[in-house]
Amino acid sequence: VILEAAFRAHERGEYELSVPVFLAQADGVCYELINASIFRKQKNQPRTAAYVERMASDAFRHALLFPLSQTMPISQSEHERDSSFNELNRHQVLHGEVVDYGTEVNSLKTISLLNYVAQVLHFGHDTKD
């Protein structure tokens with residue numbers, strides 16, 4: 001139901017609504033599948049990095065998951081962003097630090113992120129021993 005509403009908002013061009021929902025859902029899917037937030041860090045590393053490292057013996061799966069082992073602009077903390085930062089960032093969106101995120105491109109980026117997380121983590125989740 002939540003995703004249906006977010007996609008309807010996207011189709012209507014209401015990106016200020018769709019972007020935060022897709023961000024939250026991507027985090028929720030990640031947490032549900034691997035018990036780690038896609039946007040949180042531990043010891044300056046994404047919490048998802050530990051999961052990626054556990055997949056190192058499977059080169060294909062590790063390659064698919066590699067982006068989850070890296071700090072991405074969407075998850076950079078306040079201390080990692082400089083004054084020229086102008087990327088889509090989850091913290092800035094959800095905490096009201098920016099108000100100009102409501103674009104079709106940003107909505108498509110969040111849809112892509114949600115799809116990526118769901119696909120690569122579901123693949124890894126389904127094929128666990």
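No continuous path of ILVMFWY side-chain contacts below 4.5 Å connects Val93 to Val99, so the two sit in separate hydrophobic clusters. Residues Phe60 and Leu33 share a single hydrophobic cluster, defined by chaining ILVMFWY side chains whose heavy atoms lie under 4.5 Å apart. Clustering ILVMFWY residues whenever any of their side-chain heavy atoms sit less than 4.5 angstrom apart, transitively, puts Phe66 in a cluster other than the one holding Met55. Connection of Ile2 to Leu23 is not established within any shared hydrophobic cluster, with ILVMFWY side chains joined at heavy-atom distances below 4.5 Å, either directly or through further cluster members.
Atom-to-atom distance recorded for Leu94:CG and Asp27:CG is 9.0 Å, nearest 0.5 angstrom. One distance of note links NE2 of His10 with CG of Leu17; it measures 12.5 Å at 0.5 Å rounding. The CD atom of Glu87 lies 10.0 Å from the CD atom of Gln92; values are rounded to the nearest 0.5 Å. Between the CG atom of Asp100 and the CG atom of Leu88 there is a distance of 10.0 Å, given to the nearest 0.5 Å. Between Asn89 atom CG and Glu97 atom CD the span is 7.5 Å, to the nearest 0.5 Å. Atom CD in Gln70 sits 12.0 Å away from atom CG in Leu65 (nearest 0.5 Å).
Val117 and Ala26 get closest at one heavy-atom pair: CG1-O, 3.7 Å. Across Val21 and Ala6, no two heavy atoms sit closer than the pair CG1-CB, 3.5 Å. Residues Tyr116 and Leu64 come closest through the heavy atom pair OH-O, 2.6 Å. The heavy-atom pair separating Tyr31 from Ser37 by the smallest distance is CD1-N, 3.9 Å. Considering all non-hydrogen atoms of both residues, Asn106 and Tyr101 come closest at ND2-O, 3.0 Å. Residues Gln76 and Arg81 share a closest heavy-atom pair of O-NH1, 2.7 Å.
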Mind running side-chain contact (heavy atoms from CB on, under 4.5 Å) on Leu121 and Val29 for me, showing each step along the way?
-> CA-CA 9 Å; Leu121 293 180; Val29 167; 5.6 Å; no
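With a 4.5 Å cut-off on side-chain heavy atoms, Leu113 and Lys109 do not count as touching. Using a 4.5 Å cut-off on side-chain heavy atoms (C-beta onward), Cys30 and Phe39 make no contact.
A 6.0 Å sphere centred on CG of Asn44 holds no more than 12 heavy atoms belonging to other residues, nucleotides or ligands.
Within the structure, the side chain to side chain donor-acceptor pair (under 3.5 Å) test picks out the following pairs touching residues 11-26 (sequence neighbours left out): Arg12-Glu14, Ser18-Ser107.
Looking at Lys41, its side chain does come within 3.5 Å of a backbone N or O of Ser75 through a donor-acceptor pair. Of the possible donor and acceptor atoms, one in the side chain of Thr48 sits under 3.5 Å from a partner among the backbone N and O of Leu68.
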